[in-house]
Number of protein chains: 2
Amino acid sequence: MTASTGSGAGTRPRRRADAERSIARIVAAARGRLGSDPNATTDDIAKAAGVGRMTLYGHFKTRAELVDAALRDAVQDGDRTLAAVDLRGDAYEAMRRLLVSSWALVAESAALLTAAQGVLPAGRVRELHAGPAVRVGELVRRGQDQGVFRTDMPTAWLVGVVQHILHGAAEDVRGGRLELPPGEVSDVVTKSVLAVLATPPAPGP
Amino acid sequence: MTASTGSGAGTRPRRRADAERSIARIVAAARGRLGSDPNATTDDIAKAAGVGRMTLYGHFKTRAELVDAALRDAVQDGDRTLAAVDLRGDAYEAMRRLLVSSWALVAESAALLTAAQGVLPAGRVRELHAGPAVRVGELVRRGQDQGVFRTDMPTAWLVGVVQHILHGAAEDVRGGRLELPPGEVSDVVTKSVLAVLATPPAPGP
DNA sequence: AATACCTCGTACGTTGATGTACGAGTTCTA
DNA sequence: TAGAACTCGTACATCAACGTACGAGGTATT
């Protein structure tokens, strides 16, 4: 949800209510279809939205623009989820909470990300991810200050690893490569991520 | 390198030497181009091979067939690399050796894998990876038996995580998202992977 | 040296998706 | 309720990549 379709938010002539509704449905459909197939066509998406292809093009000049809107929407949801998680206290436990509550969303948007990477300029994708990335980065850094997360690797890399494990797991699930009860996936993902982040026990050789 | 282009190896009418050479160049070029851009066209590849597009189609009926051959070639190289690594003794150290010596190859073939996933049937990709995957899987299992690798997650998942971290790092490098001296990448990747695999210190809550 | 094999250019047919044009009908909004 | 905004079908223009056809030359092999 969360339309806010204007490229440059703010001064907008005002849109009619039904248009607003159409846009919301299209964006939702785009998230859904692109989330299960990164190559979904505009036609697929329009059909899934229960809307004519022309209506879609009435609101999004190009396919790229649509993908951008879909990703923006998904990221916004993610950011909201992150904001709702209590990140205070022990960073280790905070990270666990964060992973548990964001796994589902990340999983269903993994393919969407792939789609975006293929269509949007590289910089744009980073830009859209900036919000959540900063939040995670801050938590990681705080964990490092607390001594519970390792400091022998750059923070940026650690954040990257978190993403890679999440994204990889999502792809595995989507491709049926992972034979694991869906509920447990969240578990192993969480454990794996925390294992990377945690301060190593013995003085590493 | 390593042509062996016949789909059904063995009884083949025999090919002329120059054809063999062309094929080798084409496969090498395919690995190169697809390794830096998963969407490289047959035209790109032919040009990179210093060969006419028609010559290419003379040897590979479809683009998919070419991608298959390229991936097969890369995997074969990988398998050879793995075979050359001494996997005896402490599994932890063996894994470190394995990661160090295979990182470069994995990195340069990451995009090729992506290309293959888009074009080849899902099962085919797994089939091609079977060789190396089994080798890594065996090492992981051996580490679990030795008590140095964790046993609270399925072996298959652990193998998957190894791949995800490697692949993710490769993508980061390719996209310039990772600002790290190339030499150090191998280091952090190795450390990260080993952190996931290692037996956790305290009894996990 | 004869022959079968290989190279490779040009040109064409095909497919699949993107995006545009037009226009008639419908539904908000004021 | 008048008019602007929106929907949406059909039809078409475009484009990029794939793959095929033909045929004139080279080059390995025997």
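Letters A, B, ... mirror the listed sequences (proteins, then strands); counts begin at 1.
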5'-most contact on DNA chain C: B:Arg53 or B:Ala19, nearest heavy atom basis? B:Ala19

Output yes when at least one side-chain N/O atom of B:His59 is less than 4.0 Å from OP1 or OP2 of C:dT7, else no. yes

Crowding at CZ, A:Arg25 (>12 non-hydrogen neighbours, <6.0 Å): no

Roughly how many Å is it from CZ in A:Arg15 to C1' in D:dT7, rounded to a whole number? 15 Å

Residue pair A:Asp68, A:Leu128: steps toward the side chain to side chain contact (heavy atoms under 4.5 Å, CB included) verdict: CA-CA 9 Å; A:Asp68 190 287; A:Leu128 286 174; 4.2 Å; yes

So A:Arg63, base contact, sugar-phosphate only, or nothing? Heavy-atom distance under 4.0 Å. sugar-phosphate

Can you tell which of D:dC6, D:dA28, C:dG19 lies closest to the side chain of A:Arg16? D:dC6

Think A:Thr42 has a side-chain N or O under 4.0 angstrom from the OP1 or OP2 of C:dA17? no

Distance in Å, B:Leu113 CG paired with B:His167 NE2, rounded so as to fall on 0.5 Å steps: 5.0 Å

When rounded to whole Å, the CD to P distance for the pair A:Glu65 and C:dT18 reads 14 Å

Does this structure show an ion pair linking A:Arg141 with A:Asp145, if we count only N-O contacts that are shorter than 4.0 Å? no

Could you check how far CE of A:Met54 sits from P of C:dA24, rounded to whole Å? 17 Å

B:Asp18 CG to C:dA4 P, straight-line distance once rounded to whole Å: 17 Å

How many whole angstroms separate atom OH of A:Tyr57 from atom C1' of D:dC6? 18 Å

Would you indicate what A:Thr55 reaches in the nucleic acid, counting non-hydrogen atoms under 4.0 angstrom: base, sugar-phosphate, or nothing? base

Measure the angle between the two terminal helix axes of the helix from C:dA1-D:dT30 to C:dA30-D:dT1, five base pairs each, and quote it to 10°. 30°

Proximity to the side chain of A:Ala17 - top-ranked nucleotide from C:dT18, C:dT7, C:dC28: C:dC28

Using atom types as modelled and distance alone, determine if a side-chain donor or acceptor of A:Asp37 lies under 3.5 Å from a backbone N or O of A:Leu34. no

Give me the atom names and distance for the closest heavy-atom approach of B:Ile45 to B:Ile26. CG2-O, 4.0 Å

Just how far, in rounded Å, is P of C:dT7 from CD1 of B:Ile23? 8 Å

Calculate the interatomic distance between B:Leu56 atom CG and D:dC18 atom P; express it in whole Å. 10 Å

Closer to the 5' end of DNA chain D via nearest nucleotide, is it B:Thr41 or A:Gly50? A:Gly50

Cationic N near anionic O, under 4.0 Å, A:Arg135 to A:Glu138: no

Length of the line joining B:Lys61:NZ and D:dA21:P, which is rounded to integer Å: 13 Å

